[in-house]
Amino acid sequence: MYIENTLISKILVLDDGLAHFDRLKTFCEDNGIVGIRPQHGGRDAVMAILKSNVDLGGITLYEHYGSKASGIDLAREIHALRPELPIFLRRDVLASVAGLEEKDAAMFRCAYTLNDLQVLRATLDDSIFNRIYPNDLVRGISEMTSASLAALFRNCDITVEAPYLVKDRVIYGEVCTLISVESSWCRGYMMLQATELTLLDLVRRGAGADGEEMTFRDLNNVLGEATNLVWGSFKNRYVGPDDSKNALMQTQVPIVINHHRRFISFGSDAPQLCLKYTLRERTDSGMEPAAILQRFVFNLSWDPEEFKENTTVEALVETGELELF
């Protein structure tokens, strides 16, 4: 199972207490956290990050970040812009939200001090690392998606980063596909997301001279085909023949999409499984690599204890139930 620190999460670290930097860095490394910090301090830099395509699991904020008073003020702006992101407040003395106004206190998932980081560790477990993803499932998703992309982008090498959990609802790029995922142990959606121009350039180059006439519609078709290939592999590997028999009788929830804000909500605050695939052209063209983000949102049903992989011909040969002739 993916437990403890095997799955990672990206946390925005808003803390200018340089004397404590090493301690916070060590804590992140020991607890499956990839800490990222603004290159330049201040409200504008923080807001720019939150309005970008960066996938985040949460934010840790020093109560005096920037100045003696601005930490809580900044938290108000962050919470108004990205209320789905948990905020963990670092304080100098009190490991609680005592002394804050009730409305302000409600913004924070916990308050902690450097004297007792176990408070932060426990809250991270409850708010981000509270969903178990089986090792075999995550590994299988990575393998089948890489194979599907390699079949469509034959001129590219495919690499995949370590899987991570996100709590935000930001849509990456301009192109997004969405397909329903149904089985006896999970129900939800898979998304593939990409930046249009970078990926379209790869599609055109892969098609040769004729690719110059390709438009965004051709890219939509390619990404749609990739989605179908991955879902087909997922069904063959993890979905039994009778798993989706009663799908029409099951509960559904509305999906909310705000294109202007690049925001999508599936009606659940459970952490989503995210994998990032990078496509690099094999020829030394100097062309910028393209990224495809994959998210699994099991918002309707999730029972990892019932997860199982379908029996393959190869497995039956190994156990002696079948033989090759």
Nearest 0.5 Å, what's the [atom1]-[atom2] distance between [X] and [Y]?
X: Ile292; Y: Leu223; atom1: CD1; atom2: CG; result: 5.5 Å
X: Phe216; Y: Glu174; atom1: CZ; atom2: CD; result: 12.5 Å
X: Asp15; Y: Arg37; atom1: CG; atom2: CZ; result: 7.0 Å
X: Leu152; Y: Leu279; atom1: CG; atom2: CG; result: 10.0 Å
X: Asp44; Y: Ile49; atom1: CG; atom2: CD1; result: 11.5 Å
X: Ser146; Y: Gln294; atom1: OG; atom2: CD; result: 8.5 Å

Cluster overlap [X] with [Y], hydrophobic side-chain contacts below 4.5 Å:
X: Leu300; Y: Val256; result: no
X: Leu197; Y: Val203; result: no
X: Met191; Y: Ile255; result: yes
X: Ile72; Y: Leu12; result: yes
X: Phe307; Y: Val230; result: yes

Ignoring hydrogens, what is the shortest heavy-atom contact between [X] and [Y]? Give both atom names and the distance.
X: Leu149; Y: Ala226; result: CD2-CB, 4.1 Å
X: Leu165; Y: Leu273; result: CD2-CA, 4.2 Å
X: Ser96; Y: Arg91; result: O-NH1, 2.8 Å
X: Lys167; Y: Gly57; result: CG-O, 3.2 Å
X: Glu288; Y: Thr198; result: O-CG2, 3.9 Å
X: Ala75; Y: Ile87; result: O-CD1, 4.2 Å

With the side chain counted from C-beta on, respond yes when [X] and [Y] share a heavy-atom pair under 4.5 Å apart, and no when they do not.
X: Leu117; Y: Arg23; result: yes
X: Pro134; Y: Pro304; result: yes
X: Leu219; Y: Val175; result: yes
X: Cys110; Y: Leu89; result: no
X: Gln272; Y: Phe296; result: no
X: Leu85; Y: Leu50; result: yes
X: Ile78; Y: Ile59; result: yes
X: Leu137; Y: Trp185; result: yes

_Is it true that Tyr277 and Ser142 share a donor-acceptor pair across their side chains at a distance under 3.5 Å?_
no
*In terms of side-chain heavy atoms, does Tyr164 have a donor or acceptor partner in Asp55 at a distance below 3.5 Å?*
yes
*Would you say the side-chain atoms of Gln193 pair up with the backbone N or O of Tyr172, donor to acceptor, closer than 3.5 Å?*
yes
*Check: Val54 main-chain N/O paired with Lys10 side-chain donor or acceptor under 3.5 Å*: no
*I would like to know whether Phe88 and Ile128 meet side chain to side chain contact (heavy atoms under 4.5 Å, CB included); could you show each step before the answer?*
CA-CA 12 Å; Phe88 314 101; Ile128 298 178; 4.2 Å; yes
Could you tell me whether [X] and [Y] have a side-chain N and a carboxylate O separated by less than 4.0 Å?
X: Asp104; Y: Arg76; value: yes
X: Arg82; Y: Glu77; value: no
X: Asp201; Y: Arg205; value: no
X: Arg169; Y: Glu84; value: no
X: Asp22; Y: Lys25; value: no
X: Asp157; Y: Arg280; value: no

*asked:* For Trp302 and Tyr133, I'd like to know if the aromatic rings sit close, meaning centre-to-centre distance below 6.0 Å.
replied: yes
*asked:* Less than 6.0 angstrom separating the ring centers of Tyr189 and Phe266, yes or no?
replied: yes
*Among Asn220, Thr227, Asn228, find the one that has a side chain to side chain donor-acceptor pair (under 3.5 Å) with Thr177.*
Thr227
_From Asp116, Asp126, Asn31, residue fulfilling side chain to side chain donor-acceptor pair (under 3.5 Å) relative to Arg121_ = Asn31
*Checking side chain to side chain contact (heavy atoms under 4.5 Å, CB included) for the pair Thr123/Phe108: CA distance, chi angles, key distance, verdict?*
CA-CA 11 Å; Thr123 309; Phe108 303 106; over 6 Å; no
*Applying the salt bridge (charged side-chain N to carboxylate O under 4.0 Å, His left out) test to Asp168, which of Arg295, Arg262, Lys51 qualifies?*
Arg295
*asked:* The test is side chain to side chain contact (heavy atoms under 4.5 Å, CB included); show your working for Ile257 and Ile171 and say whether it passes.
replied: CA-CA 9 Å; Ile257 301 175; Ile171 297 175; 4.2 Å; yes
*asked:* side chain to side chain contact (heavy atoms under 4.5 Å, CB included) for Val170 and Phe263? Distances and angles first, verdict last.
replied: CA-CA 5 Å; Val170 175; Phe263 172 92; over 6 Å; no
*Do Arg90's NZ or CZ and the ring of Tyr62 fall within the cation-pi criteria of under 6.0 Å and 45°?*
yes
*Please say whether the positively charged group of Lys308, taken as NZ for Lys or CZ for Arg, lies over the ring of Tyr238, i.e. under 6.0 angstrom from the six-membered ring centre and within 45 degrees of the axis.*
no
